[in-house]
Protein chains: 2
Amino acid sequence: MATMREVAAHAGVSPKTVSRVLNDDPHVLPATRAHVEQSMRELDYVPNAMATTFRSGRSPVVGVAVPDLVDPFFAAIVNAVEERALAEDLSTLVTSLGHDPAREQPVLESMLRRQLSGLVVAPTTNDHAYLEAWSARIPIAFVDRAPGSLTADAFTQDDRGGAREATAHLIEHGHRRIGFLGDALSAPTIAERLEGYREALAAARLPYDPALVALGATTRPGAASALVRLRGPDAGATAVFSSDARCTMAVVPAVTAHPIALTAFGDFPLADTLTPSITVMAQDPAALGHLAAARLFERAAHPQRSLPRRTVLPVALIERDSCRIPAPHPA
Amino acid sequence: MATMREVAAHAGVSPKTVSRVLNDDPHVLPATRAHVEQSMRELDYVPNAMATTFRSGRSPVVGVAVPDLVDPFFAAIVNAVEERALAEDLSTLVTSLGHDPAREQPVLESMLRRQLSGLVVAPTTNDHAYLEAWSARIPIAFVDRAPGSLTADAFTQDDRGGAREATAHLIEHGHRRIGFLGDALSAPTIAERLEGYREALAAARLPYDPALVALGATTRPGAASALVRLRGPDAGATAVFSSDARCTMAVVPAVTAHPIALTAFGDFPLADTLTPSITVMAQDPAALGHLAAARLFERAAHPQRSLPRRTVLPVALIERDSCRIPAPHPA
DNA sequence: TTGAAAGCGCTAACAA
DNA sequence: TTGTTAGCGCTTTCAA
């Protein structure tokens with residue numbers, strides 16, 4: 001593992017000259033350059049990126065933290081950030097936050113201690129006051145969910161409007177008793193989507209019935225029994241709106257086995273190939289990731305420039321078959 | 001951004017004492033410690049991880065490089081590596097290699113220059129001689145595909161055996177003309193799986209017909225037309241073996257629309273929920289990732305220990321419905 | 001128990 | 001065009 005000093009000694013020049021050659025500084029005689037390059041080759045010299053990084057005071061790395069890398073939605077965000085980072089010659093440090101909110105702070109802080117060039121985070125908590133001090137020095141952009149108790153850039157989708165439209169769509173198909181499936185209301189996205197659901201009911205002068213709301217059904221068995229309950233006499237649902245990806249993946253097998261009208265927030269692979277194909281409100285995770293990463297670089301380049309803090313992307317209804325399943329007992 | 005020196009000045013001690021406090025060195029008087037901690041708090045001191053890293057000569061980071069982060073198979077590998085790395089207090093630097101083999105070398109070398117603690121790679125090329133020099137200093141483990149022209153740890157699955165079994169399974173279901181779908185034979189995994197396919201045919205004394213092999217059908221339209229060709233009079237296939245995930249995802253919609261017997265290499269989300277549900281040879285990407293990461297740490301801890309270079313994990317047939325679809329014209 | 005000195009590998013700033 | 005000096009923030013000697 002030769003160092004620059006060793007190359008310099010070998011070539012009979014100073015380390016600084018080696019550094020110049022390495023950085024394509026024009027103020028090096030071609031002969032000197034050739035000589036140094038020869039020495040580099042002979043010694044198998046490879047620059048130590050850690051030293052450069054340390055010297056520069058900022059590491060050419062953007063962090064991305066998402067709840068779950070295996071969820072295609074978050075994978076697409078990470079992928080987009082990485083693409084954008086690559087264009088700026090930056091690498092990407094990825095972390096899964098998991099679904100335990102307690103992990104968020106330690107994980108993010110350990111990333112930030114590395115003097116990242118920026119951080120994109122899809123948070124799992126609602127209080128980000130602890131990032132206050134960090135965000136003064138490192139650009140932080142939120143995706144999917146906006147931060148709580150912190151002023152920072154956020155790129156989200158129209159959760160409320162999308163949920164409203166997805167619910168209204170079921171109402172248009174003649175449903176009057178519509179179940180709501182969601183992970184947990186502690187997540188602002190889910191809370192917003194429940195609001196949208198209620199707005200759609202209100203707009204159609206339908207009552208809001210808490211018995212129609214089933215939370216936490218994120219596993220297949222959980223979703224299956226939630227569905228049984230929703231279809232049962234107490235709730236009497238003839239349709240369901242699944243408000244997040246985990247619930248959707250969990251409930252789809254049950255819907256396939258015992259069809260019931262369904263719309264889901266978030267598109268997913270093969271949604272169009274299932275029987276029935278699933279009508280969804282499509283988000284655009286790649287756009288979220290691209291925008292967030294781009295904003296990081298923009299903030300770094302122009303610290304003074306004033307930019308909108310909140311960007312809400314539209315969502316789009318993709319109508320497929322699952323919304324057309326009629327109620328078992330016609331109204 | 002206070003430094004250790006500033007904290008030391010503020011507390012009236014030497015930087016080394018601050019360092020001791022930070023590293024829980026027992027040789028610090030409780031009073032001194034309390035005093036230093038007080039100063040750290042007052043100055044909002046946060047250790048600069050880059051400096052520590054630089055000083056130590058090795059960064060507490062494992063690299064993971066996969067062709068495509070959005071593919072659940074690779075996402076699961078990354079996830080597993082990350083989990084394992086976390087247990088060793090290491091972070092994870094993730095890179096997508098993409099499907100262009102030319103990107104592999106520059107991308108991997110730029111990761112390695114950072115003095116990683118280790119690297120897990122699912123390669124896209126077949127020649128890894130360029131990693132020779134690196135692998136002497138940094139543990140490198142291959143997953144999914146073994147390296148070419150390089151001695152390194154590799155964790156792969158039984159590509160040939162799995163393909164043989166998946167093909168034999170179709171033969172057992174009475175098929176005599178079985179199509180082979182695959183990305184490109186330049187990938188050793190696909191080449192191996194084609195071998196397995198041929199072995200199954202040979203074992204059943206069925207002829208191998210190149211007309212039954214369709215490569216590169218990785219998009220939906222591509223897969224659909226490949227399927228049309230395979231079912232056509234020239235090839236006359238009554239069943240298909242899809243040898244990799246990209247082809248499987250591309251061909252499944254066509255199979256759903258116009259059923260034909262199918263087995264696929266690699267399980268995927270909702271494979272059991274499609275109509276027909278898809279019979280697969282399941283790999284275990286999480287195991288691959290865990291094993292590879294564990295090996296990295298093992299090599300780092302015991303550089304001399306001799307360990308097997310090649311680990312081949314078994315694959316398991318998950319029988320579902322798609323293998324049971326009969327030939328249109330009974331033989 | 002504490003501190004002083006030195007240096008990890010590289011590169012700005014300045015000098016020659 | 002090339003070299004010297006100095007230092008990024010931390011930690012490892014070694015000495016006090």
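In what follows, chains are A, B, ... by sequence order, proteins preceding strands, each numbered from 1.
Atom CZ of A:Arg20 and atom P of C:dG9 are 21 Å apart (whole Å). The distance between atom CE of A:Met4 and atom P of D:dG3, rounded to the nearest whole Å, is 13 Å. Rounded to a whole Å, the CG atom of A:Asp25 is 9 Å from the P atom of D:dT1. A:Met50 has its CE atom 14 Å from the C1' atom of D:dG9, to the nearest Å. Between B:Arg55 atom CZ and D:dT11 atom C1' there is a gap of 4 Å when expressed in whole angstrom units. Atom-to-atom, CZ of A:Arg58 to P of D:dG9 comes out at 13 Å; the value is rounded to the nearest Å. Rounded to whole Å, atom P of C:dT11 lies 16 Å from atom NE2 of A:His27. Atom pair B:Gln115:CD and C:dC10:P shows a separation of 9 Å (rounding to whole Å applied).
Side-chain atoms of B:Phe54 lie closest to C:dC8 of the nucleotides D:dT2, C:dT2, C:dC8. Of the candidates D:dT1, C:dT2, C:dG3, C:dT2 carries the atom nearest the B:Val28 side chain, counting heavy atoms from C-beta on. Candidate nucleotides C:dT11, D:dT1, C:dG3 were compared by shortest atom distance to the side chain of A:Asn23, and C:dT11 ranks first.
Backbone-only engagement by B:Thr32 is indicated by non-hydrogen atom pairs under 4.0 Å involving sugar-phosphate atoms exclusively. Residue B:Thr53 is out of contact with every strand shown, counting any heavy-atom pair closer than 4.0 Å.
In this structure, B:Tyr45 does not reach the D:dG9 phosphate: none of its side-chain N or O atoms is under 4.0 Å from OP1 or OP2. Checking the phosphate oxygens (OP1, OP2) of C:dT11, a side-chain nitrogen or oxygen of A:Ser19 falls inside 4.0 Å. OP1 or OP2 of C:dC10 has not a single side-chain nitrogen or oxygen of A:Thr52 nearer than 4.0 Å. Regarding contacts with the backbone of C:dT2, every side-chain N or O of B:Ser14 stays at 4.0 angstrom or more from both OP1 and OP2.
Under 4.0 Å is where a charged nitrogen must lie from a carboxylate oxygen, and between B:Arg113 and B:Glu109 no such pair does.
Ring geometry for A:Phe54 against B:Phe54 counts as parallel: the plane angle stays under 30°, on a 0 to 90° scale with 60° as the upper cut.
Counting only N and O atoms by type, the side chains of A:Arg114 and B:Ser59 include no donor and acceptor under 3.5 Å apart.
A donor-acceptor contact shorter than 3.5 Å links the side chain of A:Thr53 to the backbone of A:Ala49.
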- Task: Show your reasoning for whether side chain to side chain contact (heavy atoms under 4.5 Å, CB included) applies to B:Asn48 and B:Thr3.
- Result: CA-CA 8 Å; B:Asn48 181 329; B:Thr3 70; over 6 Å; no
